[in-house]
Amino acid sequence: MDKFIGFFRNVSILLFTGTLIWSYAFMAGQVNYRFDPAGDALGTASKDTYFFGAIAIFLVTNVICYWFIKTLKRIKTSEEGTGIRNKSLKKDLILWIKGFAGVLNLFFSLILVFLGLMNMSADYNIKTIGFYVYLGPLLILLWFFYLAVILGKRRN
């Protein structure tokens with residue numbers, strides 16, 4: 001599981017980078033980021049603000065997850081420990097945080113795809129590509145459900 005989560009996180013980083021470059025390359029000078037239910041633009045920003053804002057959000061969330069992982073790794077544990085001092089719980093939490101970083105990166109990638117499609121062509125209807133908006137929060141919700149499963153597991 002550890003190898004799969006690490007692979008997923010690395011692939012999500014590459015996916016985010018690819019979608020950011022793809023969406024940035026095909027956008028006009030102004031990016032629409034707020035839409036009404038009919039699909040009309042309500043808010044705009046410059047293309048450079050979009051690019052650097054996406055990188056900033058990506059870096060901040062990944063640095064925070066990395067910091068949590070490093071902090072958890074410093075905690076002394078044993079098999080008989082309770083709470084966070086339990087070795088298996090600590091390992092499961094580290095894996096969960098690594099996976100959470102991957103899920104967030106995937107969520108950000110979906111947002112970039114959605115914004116890219118909405119800004120590239122007027123042919124797209126917001127109702128047909130709106131599932132991108134709901135897929136990310138659904139993945140985050142499922143990942144928090146997995147956290148509840150981890151915390152609810154009986155430990156020695």
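Under a 3.5 Å cut-off, the side chain of K47 and the backbone N or O of Y24 do form a donor-acceptor pair. Between the S109 side chain and the F16 main chain, a donor and an acceptor come within less than 3.5 Å of each other. A distance-only check finds no donor-acceptor pair linking the side chain of W96 to the backbone of K91 [under 3.5 Å]. Put simply, the side chain of K90 never gets that close to the backbone of T77: no donor and acceptor are under 3.5 Å apart.
Side-chain atoms of N105 and F58, non-hydrogen and from C-beta on, do get closer than 4.5 Å to each other. Between I150 and L89 there is a side-chain heavy-atom pair separated by less than 4.5 Å. A 4.5 Å side-chain heavy-atom check between F107 and P137 finds at least one atom pair inside the cut-off. A heavy-atom distance below 4.5 Å is not found between the side chains of D2 and I94.
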Evaluate the side-chain contact (heavy atoms from CB on, under 4.5 Å) criterion for residues F108 and L112: first the C-alpha distance (whole Å), next the side-chain angles of each, then the deciding distance (0.1 Å), finally the verdict.
CA-CA 6 Å; F108 296 148; L112 293 177; 5.5 Å; no
Assess whether side-chain contact (heavy atoms from CB on, under 4.5 Å) is satisfied between V11 and F7, documenting all intermediate values.
CA-CA 6 Å; V11 167; F7 177 75; 3.5 Å; yes
Could you go through the side-chain hydrogen bond (donor to acceptor under 3.5 Å, both in side chains) check for S88 and N86 one step at a time?
CA-CA 6 Å; S88 66; N86 187 290; 2.8 Å; yes
Walk me through whether V149 and K153 qualify under side-chain contact (heavy atoms from CB on, under 4.5 Å).
CA-CA 6 Å; V149 169; K153 189 189 297 184; 5.8 Å; no
Checking side-chain contact (heavy atoms from CB on, under 4.5 Å) for the pair S23/Y50: CA distance, chi angles, key distance, verdict?
CA-CA 10 Å; S23 64; Y50 165 80; 2.7 Å; yes
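Between I64 atom CD1 and I97 atom CD1 the span is 11.5 Å, to the nearest 0.5 Å. In this structure, OG1 in T19 is found 10.5 Å from CG in L115, a value given to the nearest 0.5 Å.
Between F100 and F68, the ring center distance fails the sub-6.0 Å criterion.
Cluster annotation: L106 and F4 are assigned to the same hydrophobic cluster (Ile/Leu/Val/Met/Phe/Trp/Tyr, side-chain heavy-atom contacts under 4.5 Å, transitive). Tracing side-chain contacts under 4.5 Å through hydrophobic residues (I, L, V, M, F, W, Y), one reaches L59 starting from I13; they form part of the same cluster. Linking ILVMFWY residues whenever their side-chain heavy atoms come closer than 4.5 Å, directly or via other members, places F52 and V60 in the same cluster.
Ring-plane geometry between W143 and Y146 is classed as tilted, the angle between the planes lying from 30 to 60 degrees on a 0 to 90 degree scale.
Shown here for A54 and L20, the closest heavy-atom pair between the two residues is CB-CD1, 3.7 Å. R9 and K98 make their closest contact through CD-O, 3.6 Å (heavy atoms, listed as atom of the first residue, atom of the second, distance).
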